[in-house]
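Below: one structure, written as structure tokens.
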Amino acid sequence: MAAMRTRTIVTGATSGIGYELATQLAIAGVHVIAIGRQPERLEALTTLSTRIEPVAADLTDRDAVLDLVGTLTARYDDIDGLINNAGVQHDRRFDDGTYGPAEIQEELAVNLTAPLLLAHALLPVLRRQPSATIVNVTSGLGYVPKRTAAVYSASKAGLRLFTDALRVQTRGTPVRVVEAVMPRV
């Protein structure tokens, strides 16, 4: 039987899959660091369980992500889970005149860059635990792209391949790396 998680970070915790992950983990007794962009939605999570700690963060900002990890690892030495769940999809064709560099950057930052930065910064802490897990939430669109979500699909494919590579690199350590492929939600 797998060891019970002590403290898990969940990105994108204020809606959808992330909300359910955060609440179900808290119900199961895990202390959850719930990361999201909207402070009022994060605060609403705390009414569900005292095991949920809300943390507002902008995952599109590289320095903010690194500062976040620094703050959390200074405060907690028992982080043994990271669920990279946050995602952004602009449902428009790549050649749509209303889709441009800002949307491309946002999708890549949230869907690919932030998970890589979080995993990289947290690996030293995770390796010190008896057992730790990184879960990268991808999508079926990382396998079969959607015609109105080229960058989203590419970012999820990149996260899928990163997950495979990190799994190989962490073999023999306490860190387990898992891909959770989500169907249409």
Side-chain angles (χ1 to χ4, degrees), residues 2-89 106-139 152 155-156 159 162-163 166 174-183 185:
M4 175 57 110
R5 297 280 141 239
T6 303
R7 192 170 313 276
T8 296
I9 296 170
V10 178
T11 67
T14 59
S15 65
I17 294 165
Y19 178 88
E20 284 302 317
L21 286 168
T23 56
Q24 293 302 315
L25 285 168
I27 288 168
V30 176
H31 295 277
V32 176
I33 300 169
I35 309 293
R37 288 181 291 180
Q38 300 169 334
E40 64 282 352
R41 291 177 85 175
L42 284 166
E43 282 305 318
L45 275 173
T46 63
T47 65
L48 303 173
S49 174
T50 58
R51 290 188 183 98
I52 298 176
E53 176 184 347
V55 178
D58 178 0
L59 297 181
T60 65
D61 181 337
R62 179 189 61 131
D63 292 332
V65 171
L66 297 176
D67 288 346
L68 167 70
V69 173
T71 300
L72 293 175
T73 57
R75 188 179 312 157
Y76 302 112
D77 63 357
D78 62 349
I79 297 171
D80 59 3
L82 168 63
I83 302 176
N84 284 310
N85 167 74
V88 172
Q89 180 184 141
E106 181 183 27
E107 285 181 301
L108 290 173
V110 173
N111 301 339
L112 184 58
T113 304
L116 272 64
L117 291 173
L118 289 166
H120 183 263
L122 285 165
L123 266 175
V125 173
L126 296 172
R127 282 190 175 127
R128 288 194 299 266
Q129 308 309 321
S131 171
T133 304
I134 296 173
V135 178
N136 290 324
V137 177
T138 68
S139 166
Y152 177 84
S155 67
K156 290 300 184 174
L159 186 58
F162 168 72
T163 303
L166 187 59
V175 181
R176 181 173 175 228
V177 181
V178 177
E179 176 188 15
V181 182
M182 294 297 129
V185 178

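Source: prediction; values computed, not measured.
Screening L116, V110, L117 for a side chain to side chain contact (heavy atoms under 4.5 Å, CB included) with T113, the sole residue that qualifies is L117. The side chain to side chain contact (heavy atoms under 4.5 Å, CB included) test with I83 singles out one residue from I134, L25, T133, and that residue is L25.
L42 places none of its side-chain heavy atoms less than 4.5 Å from the side chain of V55. Side chains of V178 and N136 form no contact here, defined as non-hydrogen atoms less than 4.5 Å apart. Between Q89 and E107 there is a side-chain heavy-atom pair separated by less than 4.5 Å. In this structure, V32 and R51 have side chains that are not in contact, with every pair of non-hydrogen atoms separated by 4.5 Å or more. In this structure, the side chains of L72 and I9 come closer than 4.5 Å at one or more pairs of heavy atoms. Side-chain atoms of V175 and V177, non-hydrogen and from C-beta on, do get closer than 4.5 Å to each other. Using a 4.5 Å cut-off on side-chain heavy atoms (C-beta onward), E53 and Y76 make contact.
Interatomic distance, NZ of K156 versus OG1 of T163, reported as 9.5 Å (0.5 Å rounding). Going from atom CD1 of I52 over to atom CG of L45 covers 5.0 Å, rounded to the nearest 0.5 Å. Taken from CG in D63 to CG in L68, the straight-line distance is 12.5 Å, to the nearest 0.5 Å. Here the OG atom belonging to S131 is positioned 8.5 Å from the CZ atom belonging to R176, to the nearest 0.5 angstrom. We find the CG-OG1 distance between L21 and T8 to be 10.0 Å, quoted to the nearest 0.5 Å. Note that the CD atom of E106 and the OG atom of S155 stand 11.0 Å from one another [nearest 0.5 Å].
Listed for the R7 side chain is no donor-acceptor partner under 3.5 Å among the backbone atoms of I79. Formation of a donor-acceptor pair under 3.5 Å by the N85 side chain with backbone atoms of V10 is not found in this model. A donor-acceptor pair under 3.5 Å is formed between the side chain of Q129 and the backbone N or O of V125. Side chain of T6 to backbone of D78: no donor-acceptor contact under 3.5 angstrom is found. Of the possible donor and acceptor atoms, one in the side chain of N111 sits under 3.5 Å from a partner among the backbone N and O of V88.
Atom CG of D61 has more than 12 neighbouring heavy atoms from other residues, nucleotides or ligands inside a 6.0 Å radius.
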Step by step, would you call Q38 with T14 a side chain to side chain donor-acceptor pair (under 3.5 Å)?
-> CA-CA 8 Å; Q38 300 169 334; T14 59; 4.6 Å; no
What do the steps show when you test T11 against L118 for side-chain contact (heavy atoms from CB on, under 4.5 Å), and what is the final call?
-> CA-CA 10 Å; T11 67; L118 289 166; 3.7 Å; yes
Might you work through the side-chain contact (heavy atoms from CB on, under 4.5 Å) test for N84 and V137, ending with a clear yes or no?
-> CA-CA 6 Å; N84 284 310; V137 177; over 6 Å; no
Evaluate the criterion side chain to side chain donor-acceptor pair (under 3.5 Å) for residue pair Y19 and Q24; output intermediate values, then yes/no.
-> CA-CA 8 Å; Y19 178 88; Q24 293 302 315; over 6 Å; no
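Across every non-hydrogen atom of A109 and P115, the tightest pair is O-CD, 4.3 Å. In terms of heavy-atom proximity, R41 sits nearest to S15 at NH2-CB, 3.3 Å. Considering every non-hydrogen atom in both A86 and L59, the closest pair reads CB-CD1, 3.6 Å.
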